[in-house]
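This report refers to the structure that appears directly beneath it.
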Amino acid sequence: ASADSIPTNADKEDHVSMGTIAARKLGQVVRNSENVVAMEFLAACQGLDLRKPLEPAAGVLAAHQFIRKHVSYAKEDRFFAEDIWAIGDLIRDNSLMNVLKKSIGELEF
């Protein structure tokens, strides 16, 4: 699907017939990306717990502590989808970003 088109018929019929489908696909891509980032956060938190007593930098520590308030350390294998969903909620509602901003300041994009 494409949200772009090439002008045809002397620019008289320049419409994007796949625009709606492309927008729906974009929503799906964003949701999938949130899940991937949530999985990365989950793996990073688990790794940090396994590397104790080493301490990460301030921003990473703030994110780790905040996530651990919502998702517990995995002592053994379990169903991780609920953990991923919980972290995804923290990403979507910007609460994780707000914790990072409080810890390290405004982020540059």
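We use all heavy atoms of the structure for the numbers below, so side chains are in, but hydrogens, waters and symmetry mates are not.
Hydrophobic clustering, defined by side-chain heavy atoms of Ile, Leu, Val, Met, Phe, Trp and Tyr closer than 4.5 Å, leaves L61 isolated from every other such residue. Here L48 is tied into one hydrophobic group with V60, each link being a pair of ILVMFWY side chains closer than 4.5 Å.
Residues A58 and S103 come closest through the heavy atom pair O-OG, 3.2 Å. In plain terms, the two heavy atoms of L100 and A63 that are nearest each other are CD2-CB, 3.8 Å.
Residues F41 and L96 meet the side-chain proximity criterion, which asks for heavy atoms closer than 4.5 Å. Inter-residue side-chain proximity for Q46 and L42 is flagged as unmet; no heavy-atom pair is nearer than 4.5 Å.
With hydrogens and angles ignored, the 3.5 Å screen pairs no side-chain donor or acceptor of E34 with any backbone N or O of I91. With S33 contributing its side chain and V29 its backbone, the two residues share a donor-acceptor pair below 3.5 Å.
For the atom pair CG of L90 and CG of N98, the computed distance is 11.0 Å after rounding to the nearest 0.5 Å. Remark: L26 CG to R31 CZ distance equals 9.5 Å, nearest 0.5 Å. Rounded to the nearest 0.5 Å, atoms CD (E82) and CD1 (I87) are 12.5 Å apart.
F66 pairs by the ring pair (Phe, Tyr, Trp, His ring centres under 6.0 Å) definition with H70, not counting sequence neighbours. Partners of D49 under the salt bridge (charged side-chain N to carboxylate O under 4.0 Å, His left out) rule, at least two apart in sequence or in another chain, are K52, R68.
Grouping the Ile, Leu, Val, Met, Phe, Trp and Tyr side chains by contacts below 4.5 angstrom, directly or via other members, places V36 apart from I84.
Heavy-atom neighbours of R24 CZ from other residues, nucleotides or ligands within 6.0 Å: at or below the threshold of 12.
Among residue pairs with one or both ends in residues 69-81, those qualifying as salt bridge (Lys or Arg N to Asp or Glu O under 4.0 Å) are R78-D83; sequence neighbours excluded. Listed by first and then second residue, the salt bridge (Lys or Arg N to Asp or Glu O under 4.0 Å) pairs that reach into residues 93-109 are K101-E106, sequence neighbours excluded.
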